[in-house]
Amino acid sequence: MDDANGPAPFDPRELSGLFAPPPWLRHLGESAWLAVGVALFVVGAVVILSLTHTIVMPVIAAAVVAAVISPLLGWLTRRRVPRGLGAALLLVAMVVLGAAVVYIVLAGITSQLDGLGAYLSAARDTIARRLVDLGVDPASAGAAKEHVSSMLGSAVPALLEGIGVGVKGLSSLVVFLALTGLSLFFLLKDGGVIRRWLEGHLRVPPEMAHLMGDRVLESLRGYFLGVTFVAVFNAVLVLVGALILDVPLAGSIAAVTFLGAYVPYLGAWSAGAFAVLVALGGAGTDAAIWMIVIQLLANGILQQMVQPIAYGAALGIHPLAVLIVTIAGGALFGAVGLILAAPLTSALTRIAADLSRSRAPAPSPPRVHASPATHR
């Protein structure tokens with residue numbers, strides 16, 4: 001009821017609650033905008049990397065190599081070798097080692113180039129005959145044969161070009177190697193200064209920034225050393241199997257298997273398909289079947305037994321997560337994403353765990369109950 005002075009005054013602010021979004025909707029909107037911002041950041045990073053790949057690719061390659069071999073530089077420094085001289089010695093050693101590996105692989109494949117084409121052609125004919133034996137119409141089998149022929153005809157050039165596919169987009173291989181070598185020298189020589197500068201701009205406490213750097217380096221070193229161990233294991237296993245089965249080009253198969261191990265999942269199975277095709281064309285169906293068994297063992301059961309020993313605690317993430325981030329990294333960033341997705345994801349998970357532990361409240365000290373005084 002109105003008082004004598006008229007109706008009670010109306011305050012519009014009393015209706016503000018009717019038009020305010022509920023808290024859950026506000027939080028959902030903030031999360032959505034954060035997701036949009038992250039997506040735009042990733043897209044922008046991909047665009048920038050693609051535009052500056054001429055220098056980005058060598059720096060990334062040099063950073064990975066420097067992270068892996070920097071303990072050797074520390075060993076030289078402790079032996080009173082000047083850091084600049086030690087960096088130069090390691091750079092020369094890496095150049096000699098890289099040249100030797102490339103020469104061995106390319107010489108092994110190119111020396112058997114004619115024979116490799118003949119074996120793959122024989123594999124094409126064998127596949128066509130097997131299709132006819134299984135009841136496939138000869139015309140369809142012939143069409144499949146021609147299709148396989150076109151694929152196999154480009155298999156050897158694709159293999160040779162695939163070795164340098166990561167640097168084909170650069171102006172030249174010489175420029176790539178020169179920029180990589182120069183970046184590697186400075187990263188080894190001034191790695192500590194560069195790391196301190198990066199850690200100083202992370203906007204986290206210095207101790208946490210240093211721990212984050214350690215986690216990244218540990219993941220990279222452990223991952224690539226483990227990959228090298230697994231690559232050697234797979235190459236030796238496939239080489240022994242190829243020799244026992246009398247499969248031609250056993251050395252080339254082992255070399256391709258070793259290099260393919262550095263590309264997670266895709267490289268190993270591509271090398272396995274190459275080995276099976278050579279076995280099918282050069283040694284027959286039985287040898288191809290046994291080669292399939294060897295590849296399944298090398299890339300399956302036996303690798304699962306070796307990987308925990310090779311990687312140790314370097315990754316600490318589930319194999320399914322490794323598969324997902326590897327494929328996603330390759331789709332977004334190409335060969336760099338394929339190779340670095342797993343170790344960087346491992347480093348991020350460990351950093352997140354460290355941050356969670358640092359935010360956790362310290363446990364309260366146990367209460368000590370005083371014993372009753374003893375009266376004399």
Side-chain angles (χ1 to χ4, degrees), residues 34-35 37-50 52-53 55-71 165-167 180 183-184 187-188 191-192 194-204 208-231 260-268 307-308 310-358:
L34 287 175
V38 171
L40 292 177
F41 174 79
V42 172
V43 172
V46 172
V47 173
I48 293 175
L49 290 177
S50 63
T52 60
H53 65 278
I55 187 61
V56 169
M57 292 292 291
V59 171
I60 292 177
V64 172
V65 175
V68 174
I69 68 173
S70 57
V165 68
V167 297
T180 302
S183 302
L184 178 59
L187 287 173
L188 290 174
I194 296 174
R195 179 178 177 179
R196 286 192 296 270
W197 183 86
L198 291 175
E199 292 175 354
H201 289 75
L202 291 180
R203 297 188 179 183
V204 296
M208 181 56 63
H210 189 74
L211 181 59
M212 293 167 65
D214 287 341
R215 291 302 191 187
V216 174
L217 292 177
E218 290 172 3
S219 297
L220 287 173
R221 291 168 185 166
Y223 176 76
F224 283 101
L225 291 178
V227 166
T228 301
F229 183 85
V230 172
Y262 284 91
V263 181
Y265 296 102
L266 301 180
Q307 277 182 342
Y311 293 138
L315 290 183
I317 54 179
H318 195 274
L320 180 60
V322 175
L323 175 62
I324 294 174
V325 299
T326 297
I327 301 301
L332 290 174
F333 302 104
V336 174
L338 280 175
I339 296 174
L340 296 182
L344 292 183
T345 301
S346 172
L348 289 176
T349 56
R350 293 179 180 277
I351 291 172
D354 293 334
L355 292 175
S356 298
R357 285 192 295 267
S358 66

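Here the structure is a predicted model, which is why all the values come from computation and not from measurement.
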For the student: nearest non-hydrogen atoms of V227 and A261, plus distance: CG1-O, 3.6 Å
Separation between CG of L184 and CG of L188, rounded to the nearest 0.5 Å: 4.5 Å
Side chain S70, main chain A67, donor-acceptor under 3.5 Å: yes
Polar side-chain atom of R215 near backbone of T349 as donor-acceptor pair, under 3.5 Å: no
Verdict with supporting geometry, M212 and E199, side-chain contact (heavy atoms from CB on, under 4.5 Å): CA-CA 9 Å; M212 293 167 65; E199 292 175 354; over 6 Å; no
Closest non-hydrogen atom pair, L187 against V59: CD1-O, 4.3 Å
Minimum side-chain heavy-atom gap T180-V65 below 4.5 Å: no
Over all atoms of both residues, closest heavy-atom pair of A62 and S183: CB-CB, 3.7 Å
Note, L220 side chain near V216 side chain (heavy atom, < 4.5 Å): yes
Considering all heavy atoms, the nearest R350-S219 contact: CD-OG, 4.4 Å
Check ion pair R221-D214 (N to O, under 4.0 angstrom): no
